Amino acid sequence: VFGSSRIKPDHKYYKLAEDTAYLLAKEGYAVITGSGPGIMEAANKGTKRACGQSIGLNIQMPTEQKPNKYVDTLLDFHYFFVRKVMFVKYASAFVIMPGGYGTLDELFESLNLIQTERIGKFPVVLVGKDYWQGLTDWLKSTVLKKGCISTVDLKIFSVVDTPKEVIAAINKFYGKT
């Protein structure tokens with residue numbers, strides 16, 4: 001689960017991430033985050049509430065990101081690229097909540113790796129249609145229209161609004177419907 005470290009516990013996206021992770025854990029999925037605050041904390045909290053496996057891949061930064069208290073298994077990384085490899089290596093799906101540059105980096109890295117067949121296809125689920133609408137519109141109206149991607153590339157990801165839709169998208173991919 002990826003998303004902004006800046007989202008506060010009283011924000012609707014925090015609750016959305018917590019509820020999504022809760023359902024993921026109840027479905028038997030381990031939840032891996034960047035271990036920080038915001039969406040990452042919410043996802044680890046939801047996982048812990050469901051008695052699931054809550055994993056954090058912390059990045060060592062000058063501003064010293066501290067792991068949130070809901071992480072059960074913690075790994076520390078100095079380099080972003082090594083951390084991203086670990087996310088991809090152990091992921092069954094990427095659940096992308098609203099976020100900033102780091103979240104977008106993780107999103108586009110996964111889309112590129114799937115598009116270029118450097119990794120096997122897996123679900124990439126963007127959560128929050130209101131948040132992602134501008135980006136998806138731009139991908140269609142500019143990137144696709146200019147021929148920089150193909151129509152099939154837009155099918156690498158899906159956009160949903162609810163935790164149940166996240167589970168449905170992942171389970172559909174794996175034939176668990």
Side-chain angles (χ1 to χ4, degrees), residues 1-59 65 67-77 83-100 102-111 113-114 119-132 135-136 155-177:
V1 176
F2 297 101
S4 177
S5 64
R6 298 179 184 189
I7 298 290
K8 302 296 180 207
D10 60 349
H11 197 284
K12 72 177 185 176
Y13 293 144
Y14 187 101
K15 181 70 171 146
L16 183 60
E18 183 179 343
D19 292 345
T20 299
Y22 177 86
L23 288 182
L24 286 166
K26 284 296 188 186
E27 285 286 317
Y29 295 104
V31 173
I32 304 173
T33 74
S35 82
I39 295 292
M40 296 173 279
E41 176 185 284
N44 291 125
K45 182 179 179 182
T47 304
K48 190 108 170 164
R49 185 166 51 94
C51 298
Q53 191 175 6
S54 182
I55 302 164
L57 304 184
N58 192 47
I59 189 73
Q65 175 177 295
N68 69 68
K69 64 184 179 182
Y70 303 105
V71 172
D72 294 322
T73 303
L74 179 69
L75 297 170
D76 274 309
F77 295 89
R83 181 180 181 226
K84 286 196 303 186
V85 167
M86 297 307 286
F87 279 126
V88 170
K89 181 175 175 60
Y90 293 104
S92 297
F94 274 10
V95 177
I96 314 287
M97 306 297 293
T103 303
L104 293 170
D105 176 53
E106 291 149 346
L107 166 63
F108 283 106
E109 175 89 9
S110 67
L111 297 178
L113 290 171
I114 293 168
I119 62 171
K121 192 173 181 183
F122 63 80
V124 177
V125 185
L126 283 63
V127 185
K129 289 179 183 178
D130 62 330
Y131 188 83
W132 297 108
L135 178 64
T136 58
K155 295 179 181 179
I156 296 173
F157 65 91
S158 60
V159 186
V160 303
D161 271 327
T162 69
K164 286 183 180 179
E165 290 173 318
V166 171
I167 300 303
I170 294 169
N171 285 344
K172 180 180 178 186
F173 181 88
Y174 290 108
K176 295 182 175 181
T177 52

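Keep in mind that this is a model prediction, so the values were computed, not measured.
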(request) Would you indicate whether Q53, at its atom CD, is surrounded by more than 12 heavy atoms from other residues, nucleotides or ligands within a distance under 6.0 Å? (result) no
(message) Which residues pass the salt bridge (Lys or Arg N to Asp or Glu O under 4.0 Å) test with D72, not counting sequence neighbours?
(response) K48
(request) With side-chain contact (heavy atoms from CB on, under 4.5 Å) as the test, would you mind laying out the steps for I170 and Y29 before giving the verdict? (result) CA-CA 10 Å; I170 294 169; Y29 295 104; 3.3 Å; yes
(request) Please check if atom OH in Y90 has more than 12 non-hydrogen atoms from other residues, nucleotides or ligands closer than 6.0 Å. (result) no
(message) Ignoring hydrogens, what is the shortest heavy-atom contact between G34 and R83? Give both atom names and the distance.
(response) CA-NH2, 2.8 Å
(message) Could you measure the distance from the CG atom of D76 to the OG atom of S35? Nearest 0.5 Å is fine.
(response) 7.0 Å
(message) Please report the interatomic distance CD1(I39) to CD1(I7), rounded to the nearest 0.5 Å.
(response) 5.0 Å
(message) So does G99 get a backbone contact from the side chain of Y13, meaning a donor-acceptor N/O pair under 3.5 Å?
(response) no
(message) Any heavy-atom pair between the side chains of T20 and V95 that's under 4.5 Å?
(response) yes
(request) Check ring pair (Phe, Tyr, Trp, His ring centres under 6.0 Å) between F87 and all other residues, then give those that pass, not counting sequence neighbours. (result) F2
(request) Using the test ring pair (Phe, Tyr, Trp, His ring centres under 6.0 Å), find all partners of F173 that sit at least two apart in sequence or belong to another chain. (result) none
(request) For R49, enumerate each residue passing the side chain to side chain donor-acceptor pair (under 3.5 Å) test, keeping only those at least two apart in sequence or located in another chain. (result) E18, D19
(message) For the OG1 atom of T33 and the CE atom of M97, what is their distance to the nearest 0.5 Å?
(response) 12.5 Å
(message) Taking salt bridge (Lys or Arg N to Asp or Glu O under 4.0 Å) as the definition, give me every residue that meets it alongside K176, ordered by chain and number, with sequence neighbours left out.
(response) none
(request) Taking S54 for its side chain and T47 for its backbone only, find out whether a donor-acceptor pair lies under 3.5 Å. (result) no
(request) Output all residues satisfying side chain to side chain donor-acceptor pair (under 3.5 Å) with S92, sequence neighbours left out; order by chain, then residue number. (result) none
(message) If the condition is side-chain contact (heavy atoms from CB on, under 4.5 Å), which residues does L135 pass it with, not counting sequence neighbours?
(response) L104, L107, F108, W132, W138, L139
(message) Quick check: do L24 and V1 have side-chain heavy atoms less than 4.5 Å from each other?
(response) yes
(request) Check whether any side-chain heavy atom of F157 sits under 4.5 Å from a side-chain heavy atom of I114, and report yes or no. (result) no
(message) For a quick test of reading the model, state the closest non-hydrogen atom pair linking A43 to A21 and the distance between them.
(response) O-CB, 3.0 Å
(request) Could you pull out the closest heavy-atom pair between Y70 and N68, with the gap in Å? (result) N-OD1, 2.9 Å
(request) Please list, chain by chain and in numerical order, all residues satisfying side chain to side chain donor-acceptor pair (under 3.5 Å) with K84, sequence neighbours excluded. (result) D105, E109
(message) Looking at every heavy atom in both G38 and Y14, which two are closest together, and how far apart are they?
(response) O-CE1, 3.4 Å
(message) Just to verify, what does K26 make a side-chain contact (heavy atoms from CB on, under 4.5 Å) with, not counting sequence neighbours?
(response) Y22, A50
Kindly list each side-chain donor-acceptor pair under 3.5 angstrom involving residues 120-129, sequence neighbours excluded, with atom names and distances?
none

(message) Can you confirm whether P163 sits close enough to L16 that some side-chain heavy atom of one is under 4.5 Å from a side-chain heavy atom of the other?
(response) yes
(request) Could you tell me the separation between the CD atom of E106 and the CZ atom of F94, rounded to the nearest 0.5 Å? (result) 7.5 Å
(request) Any chance you could measure Y131, atom OH, to T103, atom OG1, to the nearest 0.5 Å? (result) 7.0 Å
(request) For side-chain contact (heavy atoms from CB on, under 4.5 Å), just list the numbers for V159 and T136, CA-CA rounded to whole Å, side-chain angles, deciding distance to a tenth of an Å, and then say yes or no. (result) CA-CA 9 Å; V159 186; T136 58; 4.0 Å; yes
(request) State, to 0.1 Å, how close D130 and K12 come at their nearest heavy-atom pair, and which atoms those are. (result) OD2-NZ, 3.2 Å
(message) I'd like to check the side chain to side chain donor-acceptor pair (under 3.5 Å) partners of D10; sequence neighbours left out, ordered by chain and number.
(response) none
(message) According to salt bridge (Lys or Arg N to Asp or Glu O under 4.0 Å), who are the partners of K164, at least two apart in sequence or on a separate chain?
(response) none
